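Everything numeric in this text was worked out from a predicted model, so none of it was measured.
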Amino acid sequence: MSKTASVALAPSSSLFARLMAAIDGLLMASAEISNRNGDLPRVGL
C-alpha cells in the first residue's frame with residue numbers, strides 16, 4: 001500500500017475572473033460612496 005496521499009486542489013481563478021472581481025470591487029465602493037452622499041450610483045442600480 002502506498003504511503004503517499006494526493007490532495008485535489010481547486011484550480012486557481014483565471015486572470016479574467018480576478019479582473020472582473022477587481023472591477024466589481026471598484027464599482028461597489030463607488031456605489032457605497034454615492035449612497036453615503038445621498039446620491040444614486042451612476043453605474044448599476
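Two residues are said to be in side-chain contact when any heavy atoms from C-beta on lie closer than 4.5 Å; Arg18 and Leu15 meet this criterion.
Residues meeting the side chain to side chain contact (heavy atoms under 4.5 Å, CB included) test with Leu26, sequence neighbours left out: none. In terms of the side chain to side chain contact (heavy atoms under 4.5 Å, CB included) criterion, residue partners of Asp24 (sequence neighbours excluded) are, by chain and number, Met28.
For the atom pair Leu27 CG and Met20 CE, the distance stands at 9.0 Å (nearest 0.5 Å).
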